[in-house]
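These numbers come from a predicted model, not from an experiment.
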Amino acid sequence: MLQTIALSSQLGTNKTLAVNVNDLPIVLFRDKDDKVVALEDRCPHRRVPLSLGKVIQGELRCAYHGWTFDGKTGACTNIPNLSAKESVPAKLKAKAFIVQEHNGFIYWQRSDSVHVALPPAIFSQAIYLAQNEGIANLTLSMEAYRSILFDGPEMLISLYGIGITDYFLGDVIETEYSITIDRAADWQLTGRKPSWKSPDYPLIIRSEIFKHTTCAKISLLNSTEQVLIEVYLSVVPDKRSTSRVLWQARSYQAYFDSAPLLNKLKCSWRKNLVKVHEILNANSINKLMLGPSARLQSINVQ
């Protein structure tokens, strides 16, 4: 399985980036060809985090004793105190991982025994006006986050000018690749939920969780199912049962074409219509009733 572990924008040239997946520390950097490579974030010599070191000509030099490692193979290529007659023993290696860069994310492959295909394009091909991305660190497990995305997405994410209701539109739809639920939404600028008195709601919030991955997507659609906003999220299990949410969002022309005049005026200057929350309301989460997320137990993310 492929696991997104970082945004491409986080990793500059000649820089290191330390990330964790569960309790596994990983260091990312770019080699001499500007390709992303990954090693276990522990020097095999004294177990010092390699992420504290420097990238020198596409290889990673440990900050402690200067041992240098190739990112693709993990092989140690240089030890400073060796004489000219000595060579680096072949057994001296850091553990290397398979990583790929795609769709603005860095993907880590858990096993190197089989090749795993990269996911297709994650967004609609419609004309978009803005694209944003970010990282949210949460004191919430990956499983709990995915469950809330189905039962109460408004607790985790805000779409500017949009009120999300509690009303589901039909049943959960399950395919070979994903599981999806729709709920009603409406235009609003007050920060409150749409009125229950409304006879009809013009918008749809679609929560989609992809099987065999830790990725999900929240889509805002109008009544003809034109896409207005899309938010693609990857939930990375981090240390101590926390999670790191990597996200990208697009706002489309159809949002402004569909919006009431007041929404258009309020939103015309905003480049980011999406907020992924880091501070969550524990009381609201505790009171959230189990709903369509019960179906998520059928999804294998391993």
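Side-chain contact check for Leu220 versus Leu273: every heavy-atom pair is 4.5 Å or farther apart. Looking only at side-chain heavy atoms (C-beta outward), Pro292 and Asp151 come within less than 4.5 Å of each other.
For the 3.5 Å distance criterion, the side chains of Glu208 and Ser178 qualify, holding a donor opposite an acceptor. Using modelled atom types and a 3.5 Å distance limit, the side chains of Glu230 and Tyr252 yield a donor-acceptor pair. Side-chain contact, Glu133 with Ser9: a donor N or O sits under 3.5 Å from an acceptor N or O. For the residue pair Asp238/Ser243, the side-chain donor-acceptor check at 3.5 Å is not satisfied.
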Q: Go through Arg183 and Ile204 one step at a time and tell me if the side-chain contact (heavy atoms from CB on, under 4.5 Å) criterion holds.
A: CA-CA 6 Å; Arg183 67 181 66 221; Ile204 300 167; over 6 Å; no
Q: Would you please test Gln10 and Lys15 for side-chain contact (heavy atoms from CB on, under 4.5 Å) and show each step?
A: CA-CA 9 Å; Gln10 290 180 265; Lys15 301 292 184 181; over 6 Å; no
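Within the model, atoms CG of Leu39 and CG of Asp70 stand 8.0 Å from one another, a figure rounded to the nearest 0.5 Å. Separating the CD atom in Glu154 from the CD1 atom in Ile148 is a distance of 10.0 Å, to the nearest 0.5 Å.
For Tyr167 and Tyr201, the ring centers sit closer than 6.0 Å to each other. Taking the six-membered ring wherever Trp is involved, the centroid distance between the rings of Phe105 and Trp247 does not fall below 6.0 Å.
Closest approach of Arg244 to Ile5, counting heavy atoms only: NH2-O, 3.2 Å.
A cation-pi arrangement is found for Arg250 relative to Tyr128, the charged atom lying closer than 6.0 Å to the ring centre and inside a 45° cone about the ring normal.
Between His45 and Trp67, the ring planes are parallel. Angles under 30° get that label, and only those over 60° would be called perpendicular. Relative ring orientation between Tyr255 and Trp187 is described as perpendicular, the plane-to-plane angle rising above 60° on a 0-90° scale split at 30° and 60°.
Counting non-hydrogen atoms of other residues, nucleotides and ligands closer than 6.0 Å to NZ of Lys264 gives a total above 12.
Side-chain atoms of Thr16 come within 3.5 Å of backbone N or O of Ser51 as a donor-acceptor pair.
Classification of Arg30 and Glu101 as a salt-bridged pair holds, one side-chain N sitting under 4.0 Å from a carboxylate O.
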